[in-house]
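See below for the structure under consideration.
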Amino acid sequence: MGDALRVALAGLGTVGGGVIRLLDANRDLITRRAGRPIEIVAVSARDRTKDRGVDLSRFEWVDDTAALASHPDADVVVELIGGSDGPALTLARTALGAGRGFVTANKAMLAHHGLELAQKAEESNAALKFEAAVAGGIPVIKGLREGAAANAIARVYGILNGTCNFILSKMEAEGRDFAEVLAEAQALGYAEADPSFDIDGVDAAHKLSILAAIAFGTQPAFGDVAIGGVRHVLAADIAQAASLGYRVRLVGVAEEGASGLFQRVHPHLVPLDHPLAHVTGSTNAVVAEGNFVGRLLFQGAGAGDGPTASAVVADLIDIARGEYGASFAMPAHELTPAPKADSGERRGRAYLRFTVQDKVGVLAEIAAAMRDAGVSIESLIQRGEAADGGVMIAIVTHEGPERAVAQALERLRGSQSLVGQPLLMHILG
């Protein structure tokens with residue numbers, strides 16, 4: 001049995017408390033699996049007086065979070081503060097620069113600064129681990145980086161935000177509208193007081209950019225992710241999708257093609273025979289398609305103190321064993337800057353929802369815009385009423401270039417016949 005791996009822990013929120021409880025509850029098992037004890041020696045957080053439900057008196061309290069990076073008794077720093085910049089980034093840079101291992105659940109920081117941090121880790125021969133940054137307790141990072149390492153990945157996609165999935169599946173099950181279900185999600189703790197990062201797709205986009213870098217050997221490129229959220233999805237859209245044989249899910253998709261790397265987070269219609277259609281509640285799921293292994297599905301709890309703490313401690317066990325390699329599955333200098341693929345060249349089917357004035361000629365106007373842009377209509381459904389007094393028209397297109405759908409919507413921009421903005425949802429192929 002080797003010497004203990006000594007850990008400095010920054011951030012004592014839900015996940016930080018979960019890490020302490022997990023190390024306490026499974027101490028003997030973790031020691032046997034790691035080959036050495038894993039011990040927290042110092043902690044830091046904003047409020048020293050807050051009751052977190054765990055005994056902190058056994059750890060040294062450090063008021064200056066940045067000082068954890070140079071703590072004389074720490075081998076590894078665990079960062080659970082959050083934020084793409086600020087104290088979290090300072091701590092990461094300093095710890096890795098000093099040659100200390102660094103474990104984080106901070107997807108925003110990795111999406112924006114992952115390449116720099118990977119380079120620092122390699123220069124210092126230090127571990128940079130972030131299993132908890134994507135999909136909570138699901139070992140998708142390890143699965144892609146190690147289990148599927150021999151495969152060329154054609155596409156990686158999935159449900160990456162539990163808040164959105166809870167809202168959409170609740171709307172689906174109960175026929176309720178978005179605002180009402182969001183309020184319930186906030187009351188239950190599934191959504192933040194300011195839910196914008198979740199419901200507008202930003203959180204999922206952070207995670208997608210990390211997955212894409214690992215899957216395709218590219219530099220993380222959060223700025224290249226096309227982002228759309230779920231706040232404009234109506235209960236009527238979900239009901240219409242169900243009648244057509246689909247369920248609505250917020251899906252992040254990354255795919256490498258001849259013109260570059262395509263990355264998008266957007267609400268999709270998912271066919272009922274696809275595994276993602278049956279992922280409900282706050283669950284996350286990721287699909288990776290390898291050229292030899294085929295389709296891999298990773299599914300489980302995507303957030304919460306237990307699952308996320310499990311991923312953090314799994315990273316600590318790897319470090320204790322000395323089992324860590326390149327952070328993004330290959331050395332940082334091998335990660336290439338991928339050109340951003342032109343989404344207009346992609347082919348697929350789409351769902352378009354319009355709320356329009358109930359007057360003669362509206363259908364003809366929409367059909368003409370579709371015709372002139374080269375969009376072929378597979379089906380058109382008109383509903384008699386909408387919440388704002390207009391009439392709802394839903395269109396499903398035949399397969400065609402996405403550029404044509406964008407051009408049709410542009411032709412209809414500013415039309416006096418439309419009440420509000422149209423909604424576009426791609427159909428997962």
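Since the model is a prediction, treat every value here as computed from it, not as a measurement.
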Closest contact, heavy atoms only, Ala191 versus Leu182: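 Looks like CB-CD1, 4.1 Å.
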Quick one: ring pair (Phe, Tyr, Trp, His ring centres under 6.0 Å) partners of [X], sequence neighbours excluded?
| X | value |
| --- | --- |
| His278 | none |
| Phe102 | none |
| Phe328 | Phe130 |
| His266 | His426 |

So, [X] and [Y]: side-chain donor and acceptor under 3.5 Å apart, yes or no?
| X | Y | answer |
| --- | --- | --- |
| Asp85 | His112 | no |
| Thr65 | Ser44 | yes |
| Glu60 | His71 | yes |
| Ser243 | Gln240 | yes |
| Asp237 | Tyr351 | yes |

Ionic contact status for Arg346 with Glu255, cut-off 4.0 Å: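 Salt bridge flag = yes for Arg346 with Glu255.
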Short N-O contact, Arg347 and Glu402, less than 4.0 angstrom: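 Looking at Glu402 together with Arg347, the answer is no, because their closest N to O distance does not fall below 4.0 Å.
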CD (Glu192) with more than 12 external heavy atoms under 6.0 Å: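 12 or below, so no.
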Scan the side chains in residues 136-145 for donor-acceptor partners under 3.5 Å anywhere in the protein, sequence neighbours excluded, and list what turns up.
{"residue": "Lys142", "atom": "NZ", "partner": "Asp318", "partner atom": "OD2", "Å": "2.6"}
{"residue": "Arg145", "atom": "NH1", "partner": "Ser327", "partner atom": "O", "Å": "2.8"}

Criterion side chain to side chain contact (heavy atoms under 4.5 Å, CB included) against Arg353, the qualifying member of Leu424, Ile395, Leu234: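 When Leu424, Ile395, Leu234 are each tested with Arg353, the side chain to side chain contact (heavy atoms under 4.5 Å, CB included) holds only for Leu234.
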Distance (rounded to the nearest 0.5 Å) between Ile393 CD1 and Thr355 OG1: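 With rounding to 0.5 Å, CD1 (Ile393) is 9.0 Å from OG1 (Thr355).
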Inter-residue atom distance Arg249.CZ - Asn165.CG, 0.5 Å rounding: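 If we round to the nearest 0.5 Å, Arg249:CZ and Asn165:CG are 5.0 Å apart.
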Parallel, tilted or perpendicular: ring planes of His274 versus Tyr157, cut at 30 and 60 degrees: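 Tilted, since the angle between the ring planes falls between 30° and 60°.
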Qualifying salt bridge (charged side-chain N to carboxylate O under 4.0 Å, His left out) pairs, either residue in residues 209-221, two or more places apart: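 Passing the test, one end in residues 209-221: no pairs.
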CA sep, side-chain torsions, deciding dist, call: Ile40, Arg58, side chain to side chain contact (heavy atoms under 4.5 Å, CB included): CA-CA 9 Å; Ile40 295 175; Arg58 52 200 159 136; over 6 Å; no
